[in-house]
Amino acid sequence: MTVDAMTLQHATVTDTGLRFDAADGLSRSLRDGCFLLAMPAGFDPGPGITLCREFHRAPGEGPTATRAYRGFKDVPGVYFDREHFQTEHLLIDGPGRIRHFPRGLLAMAEQMSALTLLVLRDAMTELGIAPALWSEITGGAVDGLGTHWFAANHYRPERAKLGCAPHKDTGFVTVLYNEEPGLEASVDGDWVPVDPVPGHFVVNFGGAFELLTAALDRPVQAILHQVRQCAPVPGAADRFSFAAFANPPATGDLYQVREDGSAAPVRSSEDFLREFNEQTWSDRHADFGIAKAVGASGGGTS
Ligand SMILES: O=C(O)CCC(=O)C(=O)O
Ligand SMILES: [Fe+2]
């Protein structure tokens with residue numbers, strides 16, 4: 001069965017925050033679980049695209065000019081081969097980016113990361129959550145603490161598998177760049193295409209935000225999504241995407257806001273993350289994002 005692509009709300013970035021085309025655009029987006037965000041003037045996705053093409057290659061496997069974008073398979077804890085899916089990805093936090101990313105790529109990743117926080121603030125304002133609570137209930141994520149992942153995804157068409165697992169993003173907000181169709185969202189039990197619109201990010205809300213707002217009368221939906229199997233196309237480059245994520249820290253608690261405006265911790269961040277990792281990927285990386293933060297052995301491996 002063919003299902004029409006999802007119609008998403010549309011927003012632009014202004015000096016003061018987001019501006020949605022529709023008066024109720026943000027409210028609808030929180031219900032839909034995602035929306036389209038026009039890239040700010042001057043945003044250059046070039047370094048991210050180069051990273052997706054190169055990160056999985058060996059250092060010597062290309063020209064010197066892109067050397068700094070290769071060799072990430074050898075960096076401990078940042079490369080993940082999702083063995084049951086086409087995707088292989090690089091997942092790297094803020095300090096890791098400073099250490100390993102060339103300057104232009106770092107600047108681009110931080111621009112996207114800043115957009116996740118802009119969205120998070122506007123969304124909490126829209127939901128009527130008191131700014132005095134923001135820091136505590138997001139584990140500092142709203143202030144740039146927490147974990148600010150950046151992901152580069154490469155879909156290996158030679159693998160006859162789903163592109164990536166059906167999943168909800170784990171954290172509060174994701175800002176995603178992609179160019180090819182393939183992303184699908186679960187709407188009323190159907191997989192519905194979320195097709196890319198040139199010059200736009202897809203923003204979506206994740207599990208930590210869903211949990212935070214679950215007791216409100218307008219809870220945020222963390223959208224369930226996947227990438228369908230990408231067929232090999234002779235002569236065409238492989239599908240890729242890259243994204244910035246605003247997540248809570250791996251230690252401490254996750255919170256819930258109540259209708260009366262108060263907030264309380266509801267579960268440990270570590271349990272929540274582990275459950276998400278296990279349910280989503282069913283592979284050997286269940287402690288992704290946890291191990292390093294709690295002082296065990298290096299991140300990513302079990
Ligand atoms: O490749 C895409 O379009 C989606 C990637 C995704 O869902 C993710 O990185 O969390
Ligand atoms: Fe995702």
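Minimum heavy-atom separation, L91 to A151: CD2-CB, 3.5 Å. Pairing each heavy atom of C34 with each of V202, the nearest pair is CB-CG1, 4.4 Å. A pairwise comparison of heavy atoms in Y79 and F72 identifies CB-O, 3.5 Å as the closest pair. Taking each heavy atom of M108 and D44 in turn, the nearest pair found is CG-O, 3.5 Å. Among all heavy-atom pairs drawn from L211 and Q256, the shortest one is O-NE2, 2.7 Å. Of all heavy-atom pairs between A243 and T174, the closest is CB-CG2, 4.0 Å.
The list of side-chain hydrogen bond (donor to acceptor under 3.5 Å, both in side chains) pairs with a residue in residues 103-114, not counting sequence neighbours, reads R97-E110.
Atom CZ in R57 sits 14.0 Å away from atom CZ in R67 (nearest 0.5 Å). Of the inter-residue distances, the one linking L115 atom CG with M39 atom CE reads 10.0 Å to the nearest 0.5 angstrom. Between the CG atom of L36 and the CZ atom of F201 there is a distance of 11.5 Å, given to the nearest 0.5 Å. Residue L105 holds its CG atom at 6.0 Å from CZ of F150, rounded to the nearest 0.5 Å. Distance CE/M6 to CG/L183: 10.0 Å, rounded to 0.5 Å. To the nearest 0.5 Å, atoms OG1 (T138) and CD1 (I129) are separated by 10.0 Å.
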(message) Show, in sequence, the C-alpha distance, side-chain angles and deciding distance for V233 and E180, and conclude whether the side chain to side chain contact (heavy atoms under 4.5 Å, CB included) test is met.
(response) CA-CA 12 Å; V233 182; E180 291 98 354; over 6 Å; no
(message) side-chain hydrogen bond (donor to acceptor under 3.5 Å, both in side chains), that's the test. Do S135 and D143 meet it? Break it down for me.
(response) CA-CA 7 Å; S135 200; D143 308 313; 2.5 Å; yes
(request) Evaluate the side chain to side chain contact (heavy atoms under 4.5 Å, CB included) criterion for residues V173 and V203: first the C-alpha distance (whole Å), next the side-chain angles of each, then the deciding distance (0.1 Å), finally the verdict. (result) CA-CA 7 Å; V173 174; V203 177; 4.0 Å; yes
(request) Determine, stepwise, if the pair F272 / T170 fulfils side chain to side chain contact (heavy atoms under 4.5 Å, CB included). (result) CA-CA 9 Å; F272 174 82; T170 318; 4.0 Å; yes
(request) Given side chain to side chain contact (heavy atoms under 4.5 Å, CB included), test L120 with F209 step by step and report yes or no. (result) CA-CA 9 Å; L120 181 55; F209 211 9; 4.0 Å; yes
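Judged as a side chain to side chain contact (heavy atoms under 4.5 Å, CB included), and not counting sequence neighbours, the contacts of T14 are T16, R19. In this structure, the ring-ring contact (aromatic ring centres under 6.0 Å, His included) partners of F35, at least two apart in sequence or on a different chain, are F20. With sequence neighbours excluded, the residues satisfying salt bridge (charged side-chain N to carboxylate O under 4.0 Å, His left out) with R28 are D24. With sequence neighbours excluded, no residue satisfies side-chain hydrogen bond (donor to acceptor under 3.5 Å, both in side chains) with R31. Applying the salt bridge (charged side-chain N to carboxylate O under 4.0 Å, His left out) test to E275 and every residue at least two apart in sequence or in another chain returns R267.
Of the possible polar contacts, one joining the S268 side chain to the D271 backbone as a donor-acceptor pair under 3.5 Å is found. Side-chain N or O atoms of Q221 include one that pairs as donor or acceptor with a backbone N or O of D32 at under 3.5 Å. The backbone N or O of P249 lies less than 3.5 Å from a partner atom in the side chain of S269, making a donor-acceptor pair. Under the 3.5 Å distance criterion, the side-chain polar atoms of E259 are matched with a main-chain donor or acceptor of D217. Proximity of a side-chain donor or acceptor of R121 to a complementary backbone N or O of W134 within less than 3.5 Å is not detected. Distance alone, capped at 3.5 Å, places no donor-acceptor pair between the R258 side chain and the L216 backbone.
Using a 4.5 Å heavy-atom threshold, the side chains of Q9 and L26 count as separate. When side chains are defined from C-beta on, V220 does not count as touching E210, because their heavy atoms never get closer than 4.5 Å. Here the side chains of V257 and Y255 are not in contact, with every heavy-atom distance at 4.5 Å or above. Contact check for C230 versus D238: no side-chain heavy atoms found under the 4.5 Å cut-off. Under the 4.5 Å side-chain criterion, counting only non-hydrogen atoms from C-beta, T213 is not in contact with F205. Within the 4.5 Å cutoff, the side chain of R53 has no heavy atoms near those of the T66 side chain. A heavy-atom distance below 4.5 Å is found between the side chains of S27 and E126. Looking at heavy atoms from C-beta onward, N178 lies out of side-chain contact with V227 at the 4.5 angstrom threshold.
Clustering ILVMFWY residues whenever any of their side-chain heavy atoms sit less than 4.5 angstrom apart, transitively, puts L30 in the very cluster that holds L133. No single ILVMFWY cluster, assembled from side-chain heavy atoms under 4.5 Å apart, contains both F85 and W191. Linking ILVMFWY side-chain heavy atoms closer than 4.5 Å, directly or via other members, places I92 and L145 in two distinct hydrophobic clusters. Hydrophobic clustering (ILVMFWY, side-chain heavy atoms < 4.5 Å, transitive): F43 and V119 are in one cluster.
The existence of a salt bridge linking E61 and R70 is excluded, since no basic side-chain nitrogen approaches an acidic carboxylate oxygen closer than 4.0 Å.
A side chain to side chain contact (heavy atoms under 4.5 Å, CB included) with L37 holds for exactly one of V13, L8, L176; it is V13.
Side-chain polar atoms of H225 and D169 form a donor-acceptor pair below 3.5 angstrom. For the residue pair D93 and T147, no side-chain donor N or O sits within less than 3.5 Å of a side-chain acceptor on the partner.
Aromatic ring orientation, H89 versus F80: perpendicular (interplanar angle above 60°, classes split at 30° and 60°). Aromatic ring pairs are classed by plane angle as parallel below 30°, tilted from 30° to 60° and perpendicular above 60°; the pair Y177 and F240 is parallel.
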